[in-house]
Amino acid sequence: QVQLVESGGGLVQAGGSLRLSCAASGRIFSINRMNWYRQAPGKQRELVATITRGGNTNYADSVKDRFTISRDNAKNTVYLQMNSLKPEDTAVYYCNADIETTDWGNDDNYWGQGTQVTVSS
């Protein structure tokens, strides 16, 4: 079985910073795309940032130039550095990844349990 475990959420004032981490564990052959999503109360879950195994990144317009996604392939971990946080960034943040558990070349999609980020004004 594969698990994704997020950490690093919390309460921060507007303008502050937080760093989220997500570590994958279990039977892992390779991790392809890794993503961060978020879901605010009453809103749909939205894609925040994505990073390929090779390090190519993409961001939602709302977080560009403020958030940075990175990964450590040796540690099976993805990070989200969040700077200049705004109250509208308040949400539960979820880690998501496409993981191969064998060398057959097909991957499955996994989710973490989420970590709360609250930004006060």
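Sequence positions, counted from 1, serve as the residue numbers for this chain.
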- Query: When rounded to the nearest 0.5 angstrom, what is the spacing between OG in Ser62 and CZ in Phe67?
  - Reply: 7.5 Å
- Query: Within a reach of under 6.0 Å around CD of Gln113, are more than 12 heavy atoms found that belong to other residues, nucleotides or ligands?
  - Reply: yes
- OG of Ser30 to CG of Asn73, rounded to nearest 0.5 Å, is 8.0 Å
- Item | Any donor-acceptor N/O pair, Thr115 side chain to Tyr93 backbone, under 3.5 Å | no
- Message: Checking the side chain of Tyr94 only, and the main-chain atoms of Glu6 only, is there a donor and an acceptor separated by less than 3.5 Å?
- Response: no
- Message: Please tell me whether Val5 and Trp111 are part of a single hydrophobic cluster in this structure, the criterion being side-chain heavy atoms less than 4.5 Å apart.
- Response: no
- Message: What verdict does the side-chain contact (heavy atoms from CB on, under 4.5 Å) test give for Asp107 and Ile99, after you've listed the backbone C-alpha separation in whole Å, the side-chain angles of each residue and the deciding distance to 0.1 Å?
- Response: CA-CA 5 Å; Asp107 56 30; Ile99 298 175; 5.6 Å; no
- Query: What distance do Arg38 atom CZ and Arg45 atom CZ have between them, rounded to the nearest 0.5 Å?
  - Reply: 13.0 Å
- Flag yes if more than 12 heavy atoms outside Asn106 fall under 6.0 Å of its CG atom; otherwise flag no. yes
- Item | Closest non-hydrogen atom pair, Ser21 against Tyr79 | OG-CD2, 3.3 Å
- Contact summary for Leu18 and Gly8, nearest pair of heavy atoms: CD2-O, 3.8 Å
- Message: How close do Ile69 and Tyr59 get, counting heavy atoms only, and between which atoms?
- Response: N-OH, 2.9 Å
- Message: Can you confirm whether the side chains of Asn35 and Asn96 place a donor and an acceptor under 3.5 Å from each other?
- Response: yes
- Message: To check you understand the geometry: which heavy-atom pair defines the closest contact between Ser70 and Ile51, and what is its length?
- Response: CA-CD1, 3.8 Å
- Look at the side chain of Arg53 and the backbone N and O of Met34, then say whether any donor-acceptor pair between them is shorter than 3.5 Å. no
- Message: Are the side chains of Ile28 and Tyr110 in contact, using a 4.5 Å heavy-atom criterion?
- Response: no
- Task: To the nearest 0.5 angstrom, please state how far the CG atom of Asp98 sits from the CD atom of Glu100.
- Result: 9.0 Å
- Message: Is there a side-chain contact (heavy atoms from CB on, under 4.5 Å) between Cys95 and Trp36? Walk through the geometry before answering.
- Response: CA-CA 5 Å; Cys95 175; Trp36 285 99; 4.0 Å; yes
- What distance separates Asn76 CG from Leu4 CG, expressed to the nearest 0.5 Å? 9.5 Å
- Could you give me the CA-CA distance, side-chain angles and deciding distance for Asp89 and Arg66, then say whether side-chain contact (heavy atoms from CB on, under 4.5 Å) is met? CA-CA 11 Å; Asp89 294 318; Arg66 298 189 299 121; 2.7 Å; yes
- Query: Which of these passes side-chain contact (heavy atoms from CB on, under 4.5 Å) with Val117: Leu11, Thr90, Leu20?
  - Reply: Leu20
- Message: Could you report the tightest heavy-atom contact between Ala14 and Ser121, atom names first, then the distance?
- Response: CB-CA, 4.4 Å
- Query: Would you say the ring centroid of Phe29 lies under 6.0 angstrom from that of Trp104?
  - Reply: no
- Query: Honestly curious: do Val78 and Ile31 fall in one hydrophobic cluster under the side-chain, below-4.5 Å linking rule?
  - Reply: yes
- Message: Is it the case that the side chain of Gln81 and the backbone of Thr68 share a donor-acceptor pair, with hydrogens and angles ignored and the cut-off at 3.5 Å?
- Response: no
- Message: Assess the residue pair Met82 and Val12 against the criterion (side-chain contact (heavy atoms from CB on, under 4.5 Å)); give the C-alpha distance rounded to whole Å, side-chain angles, the decisive distance to 0.1 Å, and a yes or no.
- Response: CA-CA 11 Å; Met82 305 185 294; Val12 64; over 6 Å; no
- Tightest non-hydrogen contact, residues Val2 and Arg27, listed as CG2-O, 3.6 Å
- Message: Let me confirm one number: the NZ-OG1 distance from Lys64 to Thr57, rounded to the nearest 0.5 Å.
- Response: 9.5 Å
